[in-house]
Amino acid sequence: MRIRIVDAFTDRPFAGNPAGVLILDAFPDDERLQKIALEVNHAETAFAHRLPDGGEADWALRWFTPATEVNMCGHATLATAHVLHSTGVHEGPVRFATRSGVLSAAPRADGSITLDFPTAPLTAVDVPAGVTQALGAEVLTAFDTGPNIGDLLVEVADEKTVHALAPDLKALGAHSERGIIATARAEDPGRGYDFVSRCFFPNVGIDEDPVTGSAHTALAPYWSERLGRTELTGLQASPRSGRVRTELRGERTLLSGRAVTTIDGELLA
């Protein structure tokens with residue numbers, strides 16, 4: 001098996017969110033997929049194989065963290081589309097059959113790739129008891145993000161608070177299926193982004209995800225309503241950092257970014 005490591009939502013190596021990508025003839029058994037993902041030990045490893053012509057999708061796609069399979073992953077989808085396009089295996093828009101339905105990725109003239117994902121259905125909830133203490137910051141509002149993502153989206157006071165978060169991850173894991181998305185309005189939109197976020201996913205083996213495409217399907221409708229614009233840019237303020245351009249189109253959200261292949265090798269086991 002040929003395996004590549006791709007940094008997604010960045011235009012330079014060693015930034016953004018790294019993902020393993022394996023292009024296969026067919027999926028091996030789930031146990032083997034999980035072992036490979038654990039060996040790669042990035043937030044996500046994507047496995048894809050071509051589907052017969054004439055169907056609703058071109059490729060089957062699955063995503064695994066080091067601990068479990070997940071329903072949706074934006075950065076590993078971007079990384080997979082990048083590998084397919086950069087190697088010439090697939091040209092033009094590509095449709096992926098996934099646990100979250102058919103997701104598409106289209107190359108753009110500027111070298112970026114745009115993902116078409118379902119918009120997360122946001123439901124306002126009372127701030128769960130203990131979240132403020134676990135996060136280490138006052139929570140202003142809280143929203144459930146629906147079954148595809150399984151996160152709790154919370155807004156905190158300001159951008160500085162997001163940067164300074166040092167949560168109790170064990171305690172945080174008790175409050176959602178996957179984890180917590182913490183966000184705030186950008187302090188200075190002149191810097192090229194409209195909102196900031198950080199994502200903590202202890203329940204799927206990821207203490208902090210560097211750049212999370214799927215989270216932006218919830219962040220896009222949240223901030224579009226508050227800022228009065230459908231096209232926004234989010235900065236995920238992890239140590240690696242990365243930017244995601246979002247465009248809200250009702251029940252669909254477009255996520256755009258670049259990717260860079262940093263490692264290209266062979267899985268021998």
Side-chain angles (χ1 to χ4, degrees), residues 9 17 72 74-75 117-204 206-248 250-251 253 255:
F9 291 114
N17 201 350
M72 181 186 291
H75 87 276
F117 273 39
T119 301
L122 300 182
T123 303
V125 296
D126 293 334
V127 178
V131 165
T132 293
Q133 291 77 10
L135 194 61
E138 182 182 359
V139 173
L140 305 180
T141 58
F143 288 80
D144 179 84
T145 59
N148 282 340
I149 301 178
D151 296 330
L152 184 70
L153 171 65
V154 301
E155 183 180 355
V156 297
D158 51 32
E159 181 174 344
K160 291 179 182 177
T161 301
V162 173
H163 283 280
L165 291 174
D168 179 339
L169 293 168
K170 184 175 181 180
L172 209 61
H175 299 292
S176 68
E177 181 181 345
R178 182 173 72 164
I180 301 289
I181 307 167
T183 188
R185 187 181 304 222
E187 182 178 322
D188 179 9
R191 294 177 179 173
Y193 55 91
D194 302 289
F195 59 87
V196 296
S197 65
R198 289 175 69 189
C199 295
F200 306 99
F201 303 142
N203 291 341
V204 293
I206 305 168
D207 288 348
E208 180 171 3
D209 199 34
V211 192
T212 314
S214 60
H216 283 76
T217 66
L219 290 162
Y222 185 81
W223 286 112
S224 288
E225 180 178 347
R226 282 153 184 77
L227 300 178
R229 305 200 322 272
T230 58
E231 296 186 31
L232 301 169
T233 298
L235 171 71
Q236 194 150 331
S238 68
R240 289 177 65 104
S241 187
R243 298 191 184 196
V244 183
R245 300 194 307 272
T246 68
E247 181 179 349
L248 185 63
E251 295 183 354
T253 295
L255 311 171

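Positions are given from 1 along the sequence. Source: prediction; values computed, not measured.
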Check your understanding: salt bridge (Lys or Arg N to Asp or Glu O under 4.0 Å) with E247: which residues, sequence neighbours excluded?
Key -> R249
Whether [X] side chain and [Y] backbone form a donor-acceptor pair below 3.5 Å:
X    : Y    : answer
E187 : E159 : no
T253 : F117 : no
Q236 : D209 : yes

Revision key, fill the gap. Applied to residues 133-166, the ring-ring contact (aromatic ring centres under 6.0 Å, His included) test, sequence neighbours excluded, yields F143-Y222
Roughly how far, to the nearest 0.5 Å, is [atom2] of [Y] from [atom1] of [X]?
X    : Y    : atom1 : atom2 : answer
D207 : K170 : CG    : NZ    : 13.0 Å
L152 : H175 : CG    : NE2   : 9.0 Å
T217 : L122 : OG1   : CG    : 8.5 Å
L235 : S241 : CG    : OG    : 4.5 Å
S197 : L165 : OG    : CG    : 10.5 Å
S214 : L219 : OG    : CG    : 9.5 Å

Exercise for review: Give the C-alpha distance, both sets of side-chain angles, the deciding distance and a yes or no for side chain to side chain contact (heavy atoms under 4.5 Å, CB included) between N148 and M72.
Suggested key: CA-CA 6 Å; N148 282 340; M72 181 186 291; 3.8 Å; yes
Point to revise | Criterion side-chain contact (heavy atoms from CB on, under 4.5 Å) against V154, the qualifying member of L140, L135, T141 | key: L135
Give me the atom names and distance for the closest heavy-atom approach of [X] to [Y].
X    : Y    : answer
F9   : G74  : CE1-C, 4.2 Å
A184 : V156 : CB-O, 3.9 Å
V211 : H75  : O-CB, 3.8 Å
N203 : S176 : ND2-O, 2.7 Å
A215 : I181 : CB-CD1, 3.6 Å
F201 : C199 : CZ-CB, 3.4 Å

Practice item. Sorted by first residue and then second, give each salt bridge (charged side-chain N to carboxylate O under 4.0 Å, His left out) pair with at least one member in residues 127-154; sequence neighbours left out. Key: D151-R178
Practice item. Give every residue pair that meets the salt bridge (charged side-chain N to carboxylate O under 4.0 Å, His left out) criterion with at least one member in residues 217-244, sequence neighbours excluded. Key: D7-R240, D194-R229
Practice item. Check side chain to side chain donor-acceptor pair (under 3.5 Å) between S224 and all other residues, then give those that pass, not counting sequence neighbours. Key: none
Show which side-chain atoms of residues 125-134 pair as donor or acceptor with protein atoms under 3.5 Å away, not counting sequence neighbours.
none

Review point. Is there side-chain contact between I180 and P167, with at least one heavy-atom pair below 4.5 Å?
Key: no
Exercise for review: Kindly determine whether R185 and F195 satisfy side chain to side chain contact (heavy atoms under 4.5 Å, CB included), including the steps that lead there.
Suggested key: CA-CA 4 Å; R185 187 181 304 222; F195 59 87; 5.7 Å; no
Exercise for review: Run the numbers on W223 and T183 for side-chain hydrogen bond (donor to acceptor under 3.5 Å, both in side chains), then give the verdict.
Suggested key: CA-CA 10 Å; W223 286 112; T183 188; 2.9 Å; yes
